Amino acid sequence: MAHYKLLHDWNVTPAEAVALQQQLRSQIRIEPMANSPRTIAGCDISFNKFEETVYAGIVVLDLDTLETIEETGVISTASFPYIPGLLSFREIPSLLEAWSTLKSEPDVVMFDGHGTAHPRRIGIASHAGLFLNRPTFGCGKSVLVGKFNEPLTQRGSWSPMLHYGDVVGAALRTKDKVNPVYVSPGHLIDLETAIDLTLRCHGGRRGFGYRIPEPTRRAHNLVNALRRGERPDLTS
DNA sequence: GCGACAG
DNA sequence: ATCTTGTCGC
């Protein structure tokens, strides 16, 4: 089973969460990946509004064929509320539970959110990367922080996202004429590699494929099916 | 002080 | 995030 290191307690107040981010940010390493990845994991959580129960899932794919290698899901509970800038404290705990049930160890992990494109440069992808101790990056559907020029409409076009003088990520077009996704490195990876991997995770080519990259898309479908009770096999 | 604000 | 049908545009 895949493991991770519990760097700190998750039972904290919002103020303590911010203090933890300030303390952890110095440990984040933005650098080229040490090894060429063969597998990539996508993760996501789903829940019914106003309820504590959350459904967390992870899907592992082969980077070359985009075939699903493994998938897992868990039903858990999230006590921390959603607060912009503190998303990791709400989602990572349950995602780690799912992670611990994985048989394989993904080479790199994609998150539905941001990495360095965060007010304190430690979005969910970066935070999780420290716990998992492996390359991670974020691919969000909307912006938290960062200014950028609209990239050209062609798939593959991108423009840097700037925040207080730092290039924190990229607005990347994953498909012709559709809104861009926002990519940023999490830990043990650089922006260029994160962009490349995101493009490789597209069922791409001429009108096929979606805006959301396959790892996240499949994880999203998985957790929704779990929430609706359509995947009893993942529970028992 | 006002507005913005991942999922 | 989630609740939901049709509809505008390429």
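Please read these numbers as outputs of a predicted model, since none were measured by experiment. Every chain is numbered from 1 and lettered A, B, ... according to where its sequence line falls, protein lines coming before strand lines.
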Indicate, with a heavy-atom threshold strictly under 4.0 Å, whether [X] touches base, sugar-phosphate, or nothing.
X        : result
A:Gly140 : sugar-phosphate
A:His220 : sugar-phosphate
A:Asn224 : sugar-phosphate
A:Ile124 : base
A:Leu86  : base
A:Arg227 : sugar-phosphate
A:Asn48  : nothing
A:Val143 : sugar-phosphate
A:Gly138 : nothing

(request) Using only heavy-atom distances, determine whether the side chains of A:Thr174 and A:Arg211 contain a donor-acceptor pair under 3.5 Å. (result) no

(request) State, without any angle test, whether A:Arg218 and A:Asn221 hold a side-chain donor-acceptor pair at a distance under 3.5 Å. (result) no

Starting at [atom1] of [X] and ending at [atom2] of [N], how long is that distance when rounded to a whole Å?
X        : N     : atom1 : atom2 : result
A:Arg121 : B:dA6 : CZ    : C1'   : 14 Å
A:Met161 : B:dA6 : CE    : C1'   : 10 Å
A:His114 : C:dA1 : NE2   : P     : 12 Å
A:Tyr182 : B:dG7 : OH    : P     : 10 Å
A:Tyr82  : C:dT2 : OH    : P     : 13 Å
A:Ile122 : B:dA6 : CD1   : P     : 18 Å
A:Ile83  : B:dA4 : CD1   : C1'   : 15 Å
A:Asp112 : B:dG7 : CG    : C1'   : 7 Å

Using OP1 and OP2 only, check whether a side-chain N or O of [X] sits under 4.0 Å from [N].
X        : N     : answer
A:Ser46  : C:dT2 : yes
A:Lys141 : C:dA1 : yes
A:Ser142 : B:dC5 : no

(message) Can you confirm if the aromatic rings of A:His127 and A:His8 lie within a centre distance of less than 6.0 Å?
(response) yes

(message) Donor-acceptor check, side chain of A:His114 to backbone of A:Ser142, threshold 3.5 angstrom: yes or no?
(response) yes

(message) From C-beta outward on A:Leu144, which listed nucleotide comes closest to its side chain: B:dC5, B:dG7, C:dT2?
(response) B:dC5

(message) Check this for me, if you would: do A:Asp112 and A:Lys141 make a salt bridge, where the nitrogen-to-carboxylate-oxygen distance has to be below 4.0 angstrom?
(response) yes

(message) Check the orientation of A:Phe89 and A:Phe80. Use parallel for under 30°, tilted for 30 to 60°, and perpendicular for over 60°.
(response) tilted

